[in-house]
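Each remark here refers to the structure printed beneath this line.
First the proteins, then the strands, lettered A, B, ... as listed; each starts at 1. Just so we're clear, the structure is a prediction, and the values are computed from it rather than from any experiment.
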Amino acid sequence: MSLGTPLPVSFYDRDPRVVARELLGTVLVCDSSEGLTAGVVVETEAYLGEDDPACHAVVGRTSRTWHLFGPPGTAYVYRIYGMHWCVNAVTLPEGIGCAVLLRALAPTLGIDLMRRRRPRARRDRDLTNGPGKLCAALGIDGRLDGAPLDTGALTLRAGTPLPDARVEVTPRIGITRAADLPYRFLVRDDPFVSPTPARFPRAPYRSKADARL
DNA sequence: CATTTGATGTTCT
DNA sequence: GAACATCAAATGC
């Protein structure tokens with residue numbers, strides 16, 4: 001079974017809201033010394049750079065955010081709450097500081113290895129239905145900060161494209177600033193997405209309204 | 001089912 | 001000293 005062709009760097013060189021929507025249905029593959037793991041991307045969030053109060057780019061290019069400002073197609077991996085890792089795909093040219101957070105996957109390869117890495121997960125969907133969970137399941141950590149996503153240990157690959165009718169938009173999860181902006185993209189009714197708070201508005205994806213560029 | 005709370009440590013004010 | 005792009009267990013229906 002083929003894993004798909006890696007997405008070219010040009011794929012990432014667009015507005016992060018467009019990249020976030022287009023990343024749904026692609027495949028994240030991690031080739032570690034322990035084995036191969038992969039899953040279909042079913043949930044993403046866009047972070048729009050220095051003018052987005054919720055984006056790490058607001059503090060400028062520090063040692064932590066260094067690779068967030070890197071070239072498109074770079075992995076920005078950071079630690080959150082002292083315990084978990086999150087992985088982003090950097091978009092737009094070097095120096096801008098935009099990225100797409102990968103929030104949930106549908107596991108497709110290496111599920112046994114994911115289970116060993118996440119022994120508390122009861123159901124398969126609990127392996128990867130959150131940004132920290134998917135990093136733990138695939139073995140993604142700070143060593144991959146700054147890695148290219150089109151070659152090497154961590155790659156994003158072409159999958160089955162999703163029609164707009166299967167895409168839903170909500171505000172972003174777990175932030176306090178700019179918490180009303182609809183920059184979370186997910187596959188409607190997919191069991192592998194992370195839980196959406198009941199109070200959150202949900203809207204169908206409309207390319208004209210949601211990709212206002 | 002939903003909501004609350006503790007863990008844990010780096011970054012930022 | 002507070003905030004933090006989270007998770008899992010515990011509690012309350």
Side-chain angles (χ1 to χ4, degrees), chain A residues 12 15-21 23-24 28 39 41-70 74-92 96-105 107 114-146 149 154 156 168-186 189 191-202:
Chain A
Y12 302 96
D15 184 286
R17 292 165 293 190
V18 172
V19 176
R21 183 260 177 272
L23 277 175
L24 297 177
L28 182 67
V41 177
V42 295
E43 178 182 345
T44 59
E45 283 177 357
Y47 287 86
L48 300 212
E50 298 182 69
D51 296 330
D52 176 0
C55 183
H56 290 176
V58 292
V59 301
R61 195 168 192 175
T62 64
S63 58
R64 181 201 201 195
T65 63
W66 189 260
H67 294 294
L68 172 58
F69 290 84
T74 298
Y76 166 49
V77 182
Y78 67 92
R79 207 198 260 286
I80 186 65
Y81 294 109
M83 288 170 281
H84 310 293
W85 297 100
C86 292
V87 61
N88 294 253
V90 173
T91 77
L92 294 179
I96 301 297
C98 295
V100 174
L101 173 67
L102 304 181
R103 287 197 53 91
L105 306 175
M114 294 187 195
R115 286 207 157 279
R116 290 198 294 279
R117 286 169 169 158
R118 289 189 39 73
R120 327 298 288 267
R122 299 184 172 279
R123 308 161 295 181
D124 277 357
R125 56 190 282 191
D126 297 319
L127 291 169
T128 51
N129 64 344
K133 297 178 191 179
L134 75 86
C135 283
L138 270 62
I140 296 168
D141 61 25
R143 292 173 299 192
L144 287 168
D145 189 28
L149 290 168
L154 187 64
L156 274 165
E168 199 166 62
V169 182
T170 81
R172 295 173 289 187
I173 302 271
I175 61 171
T176 57
R177 293 170 296 189
D180 53 328
L181 299 177
Y183 294 163
R184 173 173 178 248
F185 301 82
L186 54 104
D189 297 328
F192 293 95
V193 302
S194 71
T196 301
R199 66 182 181 279
F200 268 38
R202 299 165 171 262

So does T62(A) get a side-chain nitrogen or oxygen closer than 4.0 Å to the phosphate oxygens (OP1/OP2) of dT11(B)?
->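 No.
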
Under-4.0 Å side-chain N/O to phosphate OP1/OP2 contact, R120(A) with dA9(C) =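 Looking at the OP1 and OP2 atoms of dA9(C), one of them is under 4.0 Å from a side-chain N or O of R120(A).
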
Write down the distance between [atom1] ([X]) and [atom2] ([N]), rounded to a whole number of angstrom.
| X | N | atom1 | atom2 | answer |
| --- | --- | --- | --- | --- |
| H56(A) | dC12(B) | NE2 | P | 9 Å |
| W85(A) | dG9(B) | CH2 | P | 12 Å |
| R64(A) | dC12(B) | CZ | C1' | 9 Å |
| M83(A) | dA8(C) | CE | C1' | 10 Å |
| Y78(A) | dA3(C) | OH | P | 18 Å |
| L134(A) | dA5(C) | CG | P | 16 Å |
| D141(A) | dT6(C) | CG | C1' | 17 Å |
| N129(A) | dA5(C) | CG | P | 19 Å |

Identify the residue among V42(A), L127(A), L138(A) that makes a side chain to side chain contact (heavy atoms under 4.5 Å, CB included) with L105(A).
->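 In the set V42(A), L127(A), L138(A), the residue that makes a side chain to side chain contact (heavy atoms under 4.5 Å, CB included) with L105(A) is L138(A).
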
Looking at I96(A), T44(A), N88(A), V100(A), which hits side chain to side chain contact (heavy atoms under 4.5 Å, CB included) with P16(A)?
-> V100(A)

Among [options], find the nucleotide with the atom closest to the side chain of [X].
| X | options | value |
| --- | --- | --- |
| N88(A) | dA5(C), dT8(B), dC12(B) | dA5(C) |
| T176(A) | dA7(B), dT6(C), dC4(C) | dC4(C) |
| R177(A) | dA9(C), dC4(C), dC7(C) | dC4(C) |

Atom P, compared across dA2(C) and dG6(B): separation rounded to whole Å |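 Here dA2(C) and dG6(B) have their P atoms 16 Å from each other.
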
How would you label the contact of [X] with the nucleic acid (heavy atoms, under 4.0 Å): base, sugar-phosphate, or nothing?
| X | result |
| --- | --- |
| R118(A) | sugar-phosphate |
| R172(A) | nothing |
| L101(A) | base |

Both distances under 3.5 Å, Watson-Crick or G-U wobble: report the partner of dT4(B), or none.
->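 By the stated definition (distances under 3.5 Å), dA9(C) pairs with dT4(B).
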
If you take all heavy atoms of V90(A) and L68(A), which pair is closest and at what distance?
-> CG1-O, 3.5 Å

Within-4.5 Å side-chain heavy-atom neighbours: D52(A) and R177(A) =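 Sidechains of R177(A) and D52(A): no contact.
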
Centroid under 5.5 Å and tilt under 30°, Y47(A) to dA5(C) | yes

Got a donor-acceptor pair under 3.5 Å from the side chain of Y81(A) to the base of dA7(B)?
-> no

Is there a donor-acceptor pair under 3.5 Å between the side chain of R61(A) and the backbone N or O of W66(A)?
-> yes

